[in-house]
Each structure stands twice: as structure tokens, then as C-alpha cells.
Number of protein chains: 2
Amino acid sequence: MSGVARTVDPEKHAARRLHILAAAGRCFSRKGFDATTTADVCAEAGVGSGTLFHYFTNKRALLHALFELDEAEQAERAERALAEADPLAALWRLVDGLVADVRERDYLGLVGVVIQQASRDAEFAALVARTEAATRSALTELVRRCTESGVVDSGHDAEATASWVQSMTDVVYLRLSGDESLDVDAELAVLHDVVSRFLRCAA
Amino acid sequence: MSGVARTVDPEKHAARRLHILAAAGRCFSRKGFDATTTADVCAEAGVGSGTLFHYFTNKRALLHALFELDEAEQAERAERALAEADPLAALWRLVDGLVADVRERDYLGLVGVVIQQASRDAEFAALVARTEAATRSALTELVRRCTESGVVDSGHDAEATASWVQSMTDVVYLRLSGDESLDVDAELAVLHDVVSRFLRCAA
DNA sequence: CGATTATTGGAGCGGACACTCCAGCAATGC
DNA sequence: GCATTGCTGGAGTGTCCGCTCCAATAATCG
């Protein structure tokens, strides 16, 4: 009762949480959300189910937490891009940021998971939509600036243009996750051409 | 024993098979493969489980049969395109063919199913790969012809070019399945621009 | 140390799901 | 009409999986 309060090291807690999340991410990427069992995640993380459900209320929470990690990062990247002076350079930096995780082979399959689950879990869909919207609105603004200064001319409105650029970056993940033999750098080179030609810009 | 052989109407059998397959397709599109139960399919098709498993050995067989329907169609389309005189017109016709099903809202979600299952069911992956390869090889040949006659110049080798064009058509399905509010015709218009600019062709 | 409380692994529970089984039915041939 | 056989629905079955529960342990305090 009046006893000794045991204070907990919050760093260890957070680290273990992340460790489990990383394991879950690998499992989801490999087998998809529905097909991975919580036992899979436990085995991959090297913990028991008691531990897993101590840190996360249920399997769905694992997925949500995993993509909440992205949200902050994406928003920050978007903000940084908007602060840059040269809009075209900023746009390219943002695009590069979007494909930055393309080399993380262990997590490529998560694109499929997002596509599948977003159409079935409304809350998850909202999370993903929020994350993507942050990036897209920044992208839209940059496209607008570039168009006004004449270095870009897609012939479509800025919002649609931004949205398509975003989709094209997604394609790279999709292609790489579907075909292991593709060369990452070659794919990125083609992406660059596809986007720059779509935008009708010099670089 | 020596009894009366009862001959069966094969048309009815085939029709019922297709009816069940269509129902399965709608279910898979809506909820994904793993999350749809065989009971879902039965309810959607209006049959009992006895009937379902009389026509298909298991749930996986439903998925396989569903995409085997596509295989013949795609191969035929590819062949027809190769037979055309004008390679550029043929290329565009083939692209149009690839996005022909884009208006079938009930089945849009199947893209996600393919992505997810192909990475986990080797036999299914092989089926999908075969189907896509047929189209891609035709697309590759058309790109080659167009490049030789100078009406196309992507700056990348024909195979990679074809593969990316194919991916871009997939994007349309993905975008429409993820956002109901998008306008189909507007999307197709952007796709046209994206592809023609990537190919650096006149039309 | 000893007291207290967070953390841990794993046994096990309840429910759901893919698939089977079978008894009645419908369709065919004579 | 009758015999035969395929077709059909739904009740049932074994298995698996998400999650709970708990006893044991580890960490932190005075």
C-alpha cells in the first residue's frame, strides 16, 4: 500500500517496444497481416505472448503503432521541404525522401499490407491517409511554386500532379517487393525520368 | 451397377462454376483473401458449402481459378496487338486493354489481393507472373518496333520500358481502389500523359 | 536486505474457420 | 414411373489462433 514505488526506466520500455514492432514489421512484410500469427511475432521478437500483449493490446495495435512511427517522420520531412528556398530542389529532395526506405528489403512487403488493410480497417485507413496527406500537401505546394516560376508544367492541376508523383514513388516499392532481381539504383533512375518527364521539367 | 448412365449438362456446370467464381472475386476484392471466409463466398453466391467444395477443392483453388480466367484473355490480347501493322497504335491499344477492367468497381480490390498472395503462394505467383509476362513480352516487342521507327524513345531498354508501362497501368487500379472519389476518366487521361511523356512519343 | 511492483514466458481457453459428411433431392435414361 | 446417379445444403469436426491468466522472476526502492 504505502509501499515503495518502483520507478521504471522508460528507455528500456521504449526500446523493447521498438524491438517488438520491428519484428512485427518483418513478419507482416513477409506473410501479410492476416496470415502472420501473434505466435510468429513472438518467435521473431524472441518474447512470449505475455510480453507481446503487455506492450500492445492486440494484433491490430501492432500494425497501427508501426505506421504511427512513420507519421511524424513524414510530416517533418514535408515541413523541411517547404522551408527550402529552391522549390524544384525541394521537390526532388521530397521525392528522394519518399523512396528512402526502398533499400530495406525486410520491410518492402509492407506496401501490400497497407493496400490490403487500409481498405478494411477504417481507423488504419485514416492513419495512412493522414500520413500521405501531409506529404501530398507539401508536394502540391511545391508543384505550385515550381509551376509559377515556370520550371515545371505538367498540364494538370497541382493536387493531381502531386498525387500522381506520390503514386509513382509507391510503384518503386511495389516493383521491388514483387521482383527480387530488380536493381534498386536502376529502378530509381527510371523513376527519376518518369517523374521529370511527367512534370516536364529540365532536371 | 449396369444402370442408366446419367449424362450431365456441362454448360450448367460451367455456368455455376463461373457464378461462384464471380462471387468469390467480389468477396476477395472487398475483404482480401485471408479475411474472406468460405462462408462469405457461399453467402455471396447463394449456395451451401457442400456445393462450393463440390466445384472447388479448397479456398486457394478459388483464387487460382479466378486468375486463370484472365490468362487466356491477356495472351489473346497480346497476340492481337502484335499482329497490328502500326506499332504505336498497337501499343496504345494494348495499354487500353490493360486498363479495360478499371470500371469494374466490384473487383478493383483484387489488385491488392494479387500483390499480397503472390508473395506467399509460389504457385499463384507463377500463374500471375506467366500472365504478366505474356503481356510484357508483347509490350516489349512493340516498344522495340516503335523505337526502331523513331516514334518512341524512352532512353531505357525495351524490356524495362515495357515493364514500367505495365506498372503504370497497375497504378490506376491501385489509385481507384484506394480512393473511391477519384474520377475514372480523369485518371485515364493522366495515365495517357504519363506514359506518352515517359516514352517521349508524339501521341 | 526486504518490500513492492513491473515484467516475463507459456499453458490454456473460447471462438472461428476450412473443410467433410451425409441424407434428401432433382435430373436423366429407359 | 422407376431406377440410378449427380447435386445440394447444412450440420458437424478437428485445428488453429488471438488473447487471457497466472505463477515466477527481475528491477527498483527504503
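Within every chain, numbering begins at 1; the chains are lettered A, B, ... in the order of the sequence lines, protein sequences first and strands thereafter.
Under the side-chain hydrogen bond (donor to acceptor under 3.5 Å, both in side chains) criterion, A/Thr135 pairs with A/Gln74, not counting sequence neighbours. Shown here are the salt bridge (Lys or Arg N to Asp or Glu O under 4.0 Å) partners of A/Glu187, two or more places apart in sequence or in another chain: A/Arg175. B/Asp40 meets the side-chain hydrogen bond (donor to acceptor under 3.5 Å, both in side chains) test with B/Lys31, B/Thr37; sequence neighbours excluded. Shown here are the side-chain hydrogen bond (donor to acceptor under 3.5 Å, both in side chains) partners of B/Glu84, two or more places apart in sequence or in another chain: B/Arg93. A/Arg130 is linked by a side-chain hydrogen bond (donor to acceptor under 3.5 Å, both in side chains) to A/Glu71, counting only residues two or more places apart in sequence or in another chain. With sequence neighbours left out, A/Tyr107 forms a ring-ring contact (aromatic ring centres under 6.0 Å, His included) with no residue at all.
Between A/Trp92 and A/His192, the gap from one ring centroid to the other is short of 6.0 Å.
Whole-Å rounding puts the A/Asp34 CG to C/dC17 P distance at 11 Å. As a whole-Å value, the separation of A/Lys59 NZ from D/dC19 P is 8 Å. Straight-line distance from the CZ atom of A/Phe53 to the P atom of C/dA11: 16 Å, rounded to whole Å. Straight-line distance from the NE2 atom of A/His54 to the P atom of C/dT7: 4 Å, rounded to whole Å. In this structure, CZ of B/Arg60 is placed 10 Å from P of C/dC19, rounded to the nearest angstrom. Atoms NE2 (B/His13) and C1' (D/dT8) sit 13 Å apart, rounded to a whole Å. The distance from atom CG of A/Asn58 to atom C1' of D/dG18 is 9 Å, rounded to the nearest whole Å.
For residues 116-136 of chain B, the set of pairs meeting the ring pair (Phe, Tyr, Trp, His ring centres under 6.0 Å) definition, not counting sequence neighbours, comprises B/His64-B/Phe124, B/Phe67-B/Phe124. A salt bridge (Lys or Arg N to Asp or Glu O under 4.0 Å) check over residues 45-59 of chain A, counting only residues at least two apart or in different chains, returns nothing. Residue pairs meeting the salt bridge (Lys or Arg N to Asp or Glu O under 4.0 Å) criterion with at least one partner in residues 136-146 of chain B, sequence neighbours excluded, are B/Arg136-B/Glu159, B/Glu141-B/Arg144, B/Glu141-B/Arg145.
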At a cut-off of 3.5 Å, list every protein nitrogen or oxygen paired with a nitrogen or oxygen from nucleotides 9-13 of chain D, distance to 0.1 Å.
residue, atom, partner, partner atom, Å
D/dG9, OP2, B/Gly48, N, 3.0
D/dG9, OP2, B/Thr51, OG1, 2.3
D/dG10, N7, B/Ser49, OG, 3.2
D/dG10, O6, B/Gly50, N, 3.1
D/dA11, N6, B/Ser49, OG, 3.1

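For B/Glu79, the CD atom is loosely surrounded, since the number of other residues' heavy atoms within 6.0 Å does not exceed 12.
If you check residues 19-32 of chain B against DNA chain D, you find no residue with a heavy atom closer than 4.0 Å. Across residues 36-45 of chain A, A/Thr36, A/Thr37, A/Thr38 each have a non-hydrogen atom less than 4.0 Å from an atom of DNA chain D (numbered order).
At a threshold of 4.0 angstrom between heavy atoms, the contacts of B/Tyr55 are confined to the sugar-phosphate backbone, with no base atom among them.
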